[in-house]
Amino acid sequence: MSGRSKRESRGSTRGKRESESRGSSGRVKRERDREREPEAASSRGSPVRVKREVEPASVREAQASVVPFVRVKREREVDEDSEPEREVRAKNGRVDSEDRRSRHCPYLDTINRSVLDFDFEKLCSISLSHINAYACLVCGKYFQGRGLKSHAYIHSVQFSHHVFLNLHTLKFYYNYKNIKRPPGDIMFLLVQRFGELMRKLWNPRNFKAHVSPHEMLQAVVLCSKKTFQITKQGDGVDFLSWFLNALHSALGGTKKKKKTIVTDVFQGSMRIFTKKLPHPDLPAEEKEQLLHNDEYQETMVESTFMYLTLDLPTAPLYKDEKEQLIIPQVPLFNILAKFNGITEKEYKTYKENFLKRFQLTKLPPYLIFCIKRFTKNNFFVEKNPTIVNFPITNVDLREYLSEEVQAVHKNTTYDLIANIVHDGKPSEGSYRIHVLHHGTGKWYELQDLQVTDILPQMITLSEAYIQIWKRRDNDETNQQGA
């Protein structure tokens with residue numbers, strides 16, 4: 001009994017000690033928590049009370065107006081992120097079709113951030129309606145709806161403003177229906193690279209004083225399927241023809257119906273009169289009989305052009321008295337007589353011969369002349385060194401238009417703005433470019449990386465190959481007259 005009582009007394013004393021230690025530790029924790037509670041309350045509650053007392057009513061209204069916008073945006077972000085399909089696409093490295101289209105939108109560079117102001121009341125500037133209000137990101141005005149008969153769509157078609165922002169959902173939209181690219185088409189890359197190069201050249205805030213066209217040249221090599229390469233010099237007329245047609249087709253243009261900025265700037269029209277000729281070896285009586293057939297009657301066709309090809313007279317084959325080759329000269333208006341509607345020229349094919357004459361019916365704002373200097377035969381390519389004498393300003397082309405078209409065209413006077421020269425042999429030659437600076441009226445010569453001043457009188461002495469002429473407007477005509 002004595003041993004058991006000792007053990008029970010020891011166990012009771014141990015239990016009392018543990019209970020006392022637990023109670024003391026619990027009291028210490030409760031006291032610490034009580035000490036911390038006023039500190040937390042002071043750190044959390046006091047600034048709020050002070051801020052509410054100090055803040056005026058205008059600040060509270062501003063906060064109330066900002067909080068819903070942030071909450072809506074966060075809810076949209078949560079909804080978008082919570083979709084399982086988009087999470088799977090993000091894990092697999094796939095990109096949504098909407099994101100892909102937004103990155104390839106050709107109108108993003110038209111957004112004018114300087115005119116955007118979203119502090120105005122969100123209503124249409126025409127119908128004064130709050131429903132379906134969209135902001136034009138090009139001019140900064142608000143319009144209603146984006147249907148085919150809405151004010152936003154009419155504004156987009158009328159002024160070529162294609163990027164809009166929904167003021168309620170904050171989503172971006174762009175009118176991109178006219179340009180449909182088939183799958184696997186890479187030609188639109190040429191448009192993007194050319195647009196980037198032009199924006200870099202004319203950027204007033206450009207950090208560098210020079211611009212590299214390397215990406216543009218890579219796009220040319222890729223889109224032309226290596227027809228034109230960086231390491232090999234090509235023909236200027238061939239490249240110009242391919243480049244203009246490639247830009248036109250990549251922008252969604254066609255030969256007849258759909259127009260683009262390329263056709264609006266460079267495309268003109270003409271009438272082509274064609275008459276079939278009988279074979280020269282036939283007797284005279286049979287020729288007369290054939291000329292009365294319908295097949296040999298003159299036909300007329302309306303055609304468009306991007307540039308006009310000017311034919312040079314044949315160069316002399318013999319040397320002069322001083323044993324030197326004579327370099328002939330021809331005025332520009334003599335070779336332009338091809339398009340007066342009267343001059344006929346014979347064109348020979350493998351089987352048949354034709355007489356053709358041309359007459360202009362529409363003059364574009366920018367007219368391109370391509371002087372035909374190279375002729376190919378069975379053995380080699382021959383260059384015609386004839387010098388074309390041309391004035392730099394005041395070239396009037398009214399006489400080359402038909403009579404009914406002359407009344408419609410008020411301005412038919414052109415001024416030279418660019419002249420491309422080919423020097424040397426056909427296969428081993430080099431190119432020089434003469435460019436007019438409109439700000440100062442001075443001419444500059446560009447060859448590779450060298451830029452030098454040049455007198456206007458020296459331009460006419462060169463072997464011009466391609467020329468670009470700009471049509472005068474009414475204001476420019478009045479200034480020249482003054």
Side-chain angles (χ1 to χ4, degrees), residues 235 237-238 240-280 282 287-313 332-372 374-376 395-412 414 466-469 471:
D235 184 72
V237 176
D238 294 342
L240 177 66
S241 177
W242 173 85
F243 186 68
L244 294 179
N245 290 311
L247 288 179
H248 175 62
S249 61
L251 290 171
T254 57
K255 292 183 178 180
K256 295 182 179 180
K257 295 183 179 180
K258 293 184 179 179
K259 296 183 178 181
T260 61
I261 187 174
V262 179
T263 56
D264 293 340
V265 173
F266 295 108
Q267 190 179 75
S269 61
M270 66 170 69
R271 294 173 182 171
I272 303 176
F273 300 90
T274 307
K275 184 179 180 181
K276 186 178 179 180
L277 298 177
H279 199 275
L282 295 176
K287 288 182 180 180
E288 292 180 0
Q289 292 178 359
L290 292 175
L291 290 176
H292 294 288
N293 297 339
D294 295 338
E295 184 182 359
Y296 291 88
Q297 299 300 318
E298 188 177 57
T299 59
M300 189 270 292
V301 178
E302 290 279 349
S303 178
T304 58
F305 64 88
M306 288 288 189
Y307 58 88
L308 296 177
T309 303
L310 306 181
D311 300 324
L312 292 175
L332 177 64
F333 295 98
N334 287 8
I335 57 179
L336 277 174
K338 171 184 176 181
F339 301 99
N340 59 8
I342 301 174
T343 305
E344 294 181 341
K345 185 178 179 181
E346 184 176 357
Y347 290 85
K348 297 181 180 180
T349 60
Y350 180 71
K351 295 182 179 180
E352 300 171 340
N353 299 338
F354 296 92
L355 273 180
K356 291 186 178 182
R357 55 190 181 94
F358 307 90
Q359 190 173 29
L360 302 179
T361 57
K362 179 185 176 183
L363 294 174
Y366 290 84
L367 185 60
I368 302 177
F369 290 158
C370 294
I371 301 173
K372 190 175 181 181
F374 303 101
T375 54
K376 297 181 181 179
V395 175
D396 194 358
L397 303 179
R398 183 174 294 275
E399 59 178 308
Y400 304 102
L401 296 172
S402 58
E403 295 180 358
E404 64 274 11
V405 179
Q406 290 182 4
V408 180
H409 283 71
K410 298 180 180 179
N411 301 322
T412 58
Y414 285 81
I466 301 173
Q467 293 182 340
I468 302 178
W469 299 76
R471 187 177 63 193

Participant: With rounding to the nearest 0.5 Å, note down the distance linking CZ in Phe266 to CG in Leu247.
Facilitator: 9.5 Å
Participant: Got a second to check how far Gln359's CD is from Ile272's CD1, nearest 0.5 Å?
Facilitator: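 Answer rounded to 0.5 Å: 12.0 Å.
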Participant: So, for Thr412 and Asp396, which heavy atoms are closest and what is the spacing to 0.1 Å?
Facilitator: OG1-OD1, 2.6 Å
Participant: Would one find more than 12 heavy atoms of other residues, nucleotides or ligands at under 6.0 Å from atom CZ of Phe243?
Facilitator: yes
Participant: Determine whether a donor-acceptor pair (N or O, by modelled atom type, separation under 3.5 Å) exists between the side chain of Gln406 and the backbone of Arg398.
Facilitator: yes
Participant: Would the distance check show the side chain of Thr263 and the main-chain N or O of Thr260 forming a donor-acceptor pair, the cut-off being under 3.5 Å?
Facilitator: yes
Participant: Would you please name every residue forming a salt bridge (Lys or Arg N to Asp or Glu O under 4.0 Å) with Asp311, sequence neighbours left out?
Facilitator: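 Testing Asp311 for salt bridge (Lys or Arg N to Asp or Glu O under 4.0 Å), a comparison that skips the adjacent residues, returns Lys338, Lys345.
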Participant: Can you tell me if Lys275 has over 12 outside heavy atoms packed within less than 6.0 Å of its NZ?
Facilitator: no
Participant: Look up atom NZ in Lys259 and atom NE2 in His248, then write down how far apart they are to the nearest 0.5 Å.
Facilitator: 10.0 Å
Participant: Which atom pair, heavy atoms only, marks the closest approach of Met270 to Phe339?
Facilitator: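 Minimum heavy-atom contact is CE-CE2, 3.9 Å.
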Participant: Rounded to the nearest 0.5 Å, what's the gap from CD1 on Ile368 to CG on Leu240? Could you check?
Facilitator: 5.0 Å
Participant: Looking at Glu344 and Lys356, is there a salt bridge between them, counting it only when a charged N and a carboxylate O are closer than 4.0 Å?
Facilitator: no
Participant: Flag yes if more than 12 heavy atoms outside Leu282 fall under 6.0 Å of its CG atom; otherwise flag no.
Facilitator: yes
Participant: Counting N and O atoms only, with roles assigned by atom type, does the side chain of Gln297 sit under 3.5 Å from a partner on the main chain of Asn293, one being a donor and the other an acceptor?
Facilitator: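 Between the backbone of Asn293 and the side chain of Gln297 there is a qualifying donor-acceptor contact (under 3.5 Å).
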Participant: Please find the pair of heavy atoms, one from Phe305 and one from Leu367, that lie closest to each other, and give the distance.
Facilitator: CE1-CD1, 3.9 Å
Participant: Would you compute the distance between atom OG1 of Thr361 and atom CZ of Arg271 and round it to the nearest 0.5 angstrom?
Facilitator: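 So the OG1 of Thr361 and the CZ of Arg271 are separated by 6.0 Å.
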Participant: Side chains of Thr274 and Thr299: do they bring a donor and an acceptor to under 3.5 Å?
Facilitator: no
Participant: Can you name the nearest heavy-atom pair linking Trp469 to Leu332, along with the distance?
Facilitator: CZ2-CD2, 4.0 Å
Participant: Quick one: does Asn245's side chain get under 4.5 Å of Ser249's, heavy atoms only?
Facilitator: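 Of all side-chain heavy-atom pairs linking Ser249 with Asn245, none is under 4.5 Å.
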Participant: If you compare all heavy atoms of Ser402 against all heavy atoms of Val405, which two are closest, and at what distance to 0.1 Å?
Facilitator: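 Minimum heavy-atom contact is OG-CG2, 2.9 Å.
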Participant: Hey, could you give me the CD1/CG distance between Ile335 and Leu312, rounded to the nearest 0.5 Å?
Facilitator: 5.5 Å
Participant: For a 4.5 angstrom cut-off between non-hydrogen side-chain atoms, does Leu336 reach Leu397?
Facilitator: yes
Participant: Salt-bridge test for Arg357 and Glu298: reply yes if a basic N is under 4.0 Å from a carboxylate O, no otherwise.
Facilitator: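 Salt bridge flag = yes for Glu298 with Arg357.
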Participant: Does atom CD (Glu346) have a neighbourhood of more than 12 heavy atoms from anything else shown, all under 6.0 Å?
Facilitator: yes
Participant: Over 60° means perpendicular and under 30° means parallel, so classify the ring planes of Phe358 and Tyr347, tilted if in between.
Facilitator: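 Perpendicular.
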Participant: Quick one: are Pro365 and Arg471 in side-chain contact, heavy atoms under 4.5 Å?
Facilitator: yes
Participant: What I'd like to find out is whether the side chain of Met306 reaches to under 4.5 Å of the side chain of Val262, using heavy atoms alone.
Facilitator: yes
Participant: How close do Pro364 and Tyr414 get, counting heavy atoms only, and between which atoms?
Facilitator: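 Scanning both residues, the minimum pair turns out to be O-OH, 2.6 Å.
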Participant: Please examine the side chains of Val237 and Tyr307, heavy atoms only from C-beta on, and report whether any two atoms are closer than 4.5 Å.
Facilitator: yes
